[in-house]
Amino acid sequence: LKSGPKLSEGLGAPYSNSYIRPSPPTSRVKDFFGTNHLGGHWVIKALANKYKLKRPRTPAIIMDFDSVRMVPFDGCAFFTNKQCASGGLFVRDEFEKETFTSIDNVLATNNSLAAMGIQAIWLVVPDKSTVYLGYGKEDTHPYVNIWDELERHPALVAPNLGRLFMRQSRLTKDFYFPNNTHLSTSGYLYLGDITAKLLKRLNDTNPTKR
């Protein structure tokens, strides 16, 4: 195999050629109805979704926008975004997750690690719909509370993040980001604090085990 150019050779040819190519013509016709990612189908879809969101509706109506679901609830109690009165924004996949049936696999993995002197910590981060709507709300499949299930087994070190996150989300606005499914900076800091305290406690209890 031939080796590539050394870093010490700098950005010589052919890399430098990319910086001297002429700019594309400014008289290009914009394709508002093309298939590129800024094409017309996105513009039309955005306008349609905006109209759909602005239409009067009863509080109980759930609206789907492709992979996103808008669920009516008191969003302004939890978020600070301008659309908080419209409800909560969630990913539809959160309502289609399979029923948790893997406790035996978790226990087997935990036992295998323990046999090698490794203390596993099971941090199951709840999704946004669980934290703000409750356990199994609007789920397609039968719901099993994974945190309660893990808590039933003393061999597992598994903080009940479902319960902890629900409580903290009522104390901290924007605990999750209002416009996507991820924890906010405040949420990640809270999770880090839980993890750090748990590691310290385990280390104080058994400093020889990792």
Side-chain angles (χ1 to χ4, degrees), residues 37 41-107 121-153 156 158-195:
H37 66 286
H41 64 295
W42 285 106
V43 175
I44 294 172
K45 187 178 293 184
L47 292 174
N49 287 341
K50 184 176 182 180
Y51 172 74
K52 186 177 178 180
L53 185 62
K54 292 294 185 181
R55 288 180 61 188
R57 67 187 192 278
T58 61
I61 291 180
I62 294 174
M63 294 192 300
D64 288 334
F65 303 88
D66 294 328
S67 61
V68 174
R69 174 167 293 179
M70 178 71 75
V71 179
F73 78 115
D74 186 9
C76 295
F78 305 106
F79 304 111
T80 59
N81 62 311
K82 294 180 180 179
Q83 293 292 335
C84 63
S86 299
L89 196 65
F90 303 93
V91 176
R92 287 178 61 186
D93 287 349
E94 294 187 6
F95 304 98
E96 299 170 359
K97 53 186 175 289
E98 297 291 337
T99 304
F100 174 67
T101 58
S102 303
I103 187 62
D104 291 339
N105 293 336
V106 171
L107 291 170
I121 300 176
W122 300 88
L123 296 171
V124 182
V125 178
D127 55 30
K128 187 178 178 181
S129 63
T130 297
V131 171
Y132 291 104
L133 302 181
Y135 298 114
K137 181 70 172 179
E138 305 296 337
D139 275 15
T140 302
H141 303 287
Y143 186 79
V144 173
N145 189 319
I146 184 174
W147 302 277
D148 287 355
E149 186 68 21
L150 295 175
E151 214 169 30
R152 293 190 185 98
H153 301 274
L156 300 176
N160 195 316
L161 296 186
R163 183 166 59 241
L164 292 172
F165 276 35
M166 282 186 183
R167 182 183 65 190
Q168 192 64 27
S169 68
R170 273 63 178 171
L171 302 174
T172 304
K173 277 197 172 185
D174 298 330
F175 187 69
Y176 282 67
F177 283 117
N179 61 339
N180 65 41
T181 191
H182 299 292
L183 285 166
S184 67
T185 301
S186 298
Y188 279 117
L189 288 172
Y190 180 72
L191 176 60
D193 189 50
I194 291 174
T195 307

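Taken from CG in Leu133 to CD in Glu138, the straight-line distance is 7.5 Å, to the nearest 0.5 Å. One distance of note links CG of Leu89 with CZ of Phe177; it measures 13.5 Å at 0.5 Å rounding. Rounding to the nearest 0.5 Å gives a distance of 9.5 Å between SG of Cys76 and CD of Gln83. Taking CG of Asn145 as the reference point, atom OH of Tyr135 lies at 5.0 Å (rounded to 0.5 Å). Summarising the geometry, atom OG belonging to Ser86 is positioned 11.0 Å from atom CZ belonging to Phe73; distances are rounded to the nearest 0.5 Å. Note: Lys82 NZ to Asn179 CG = 13.0 Å, rounded to the nearest 0.5 Å.
Applying the salt bridge (charged side-chain N to carboxylate O under 4.0 Å, His left out) criterion to Lys137, with sequence neighbours excluded, gives no partner residue. Every residue meeting the side-chain hydrogen bond (donor to acceptor under 3.5 Å, both in side chains) condition with Ser129, not counting sequence neighbours, appears here in chain and number order: Glu94, Asp127. Listed by chain and number, the residues in a side chain to side chain contact (heavy atoms under 4.5 Å, CB included) with Ser102 are Phe100, Asn105 (sequence neighbours excluded). Residues satisfying the salt bridge (charged side-chain N to carboxylate O under 4.0 Å, His left out) criterion with Asp193, sequence neighbours excluded, are Lys197. For Arg170, the salt bridge (charged side-chain N to carboxylate O under 4.0 Å, His left out) test picks out no residue, with sequence neighbours left out. Considering only residues two or more places apart in sequence or on other chains, Tyr132 meets the ring-ring contact (aromatic ring centres under 6.0 Å, His included) condition with Phe78, Phe79, Tyr176. With sequence neighbours excluded, the residues satisfying salt bridge (charged side-chain N to carboxylate O under 4.0 Å, His left out) with Glu149 are Arg152.
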Give the table of side-chain donor-acceptor pairs shorter than 3.5 Å for residues 184-192, with sequence neighbours excluded, one pair per line with atom names and distance.
from   : atom 1 : to     : atom 2 : distance (Å)
Ser184 : OG     : Asp174 : O      : 2.5
Ser184 : OG     : Phe175 : O      : 2.9
Ser184 : OG     : Ser186 : N      : 3.4
Ser184 : OG     : Gly187 : N      : 3.3

Tell me which donor-acceptor pairs under 3.5 Å the side chains of residues 158-169 have, and how far apart each pair is, sequence neighbours excluded?
from   : atom 1 : to     : atom 2 : distance (Å)
Asn160 : OD1    : Gly162 : N      : 3.4
Asn160 : OD1    : Arg163 : N      : 2.9
Asn160 : ND2    : Asp148 : OD1    : 3.3
Asn160 : ND2    : Glu151 : OE1    : 3.2
Arg163 : NH2    : Glu151 : OE2    : 2.9
Gln168 : NE2    : Thr172 : OG1    : 3.1
Ser169 : OG     : Phe165 : O      : 3.2
Ser169 : OG     : Met166 : O      : 2.8

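Not one N or O on the side chain of Thr99 forms a donor-acceptor pair closer than 3.5 Å with the backbone of His141.
By the 4.5 Å heavy-atom criterion applied to side chains, Thr130 and Tyr143 are counted as neighbours. Counting heavy atoms from C-beta on, the side chains of Leu156 and Leu107 come closer than 4.5 Å.
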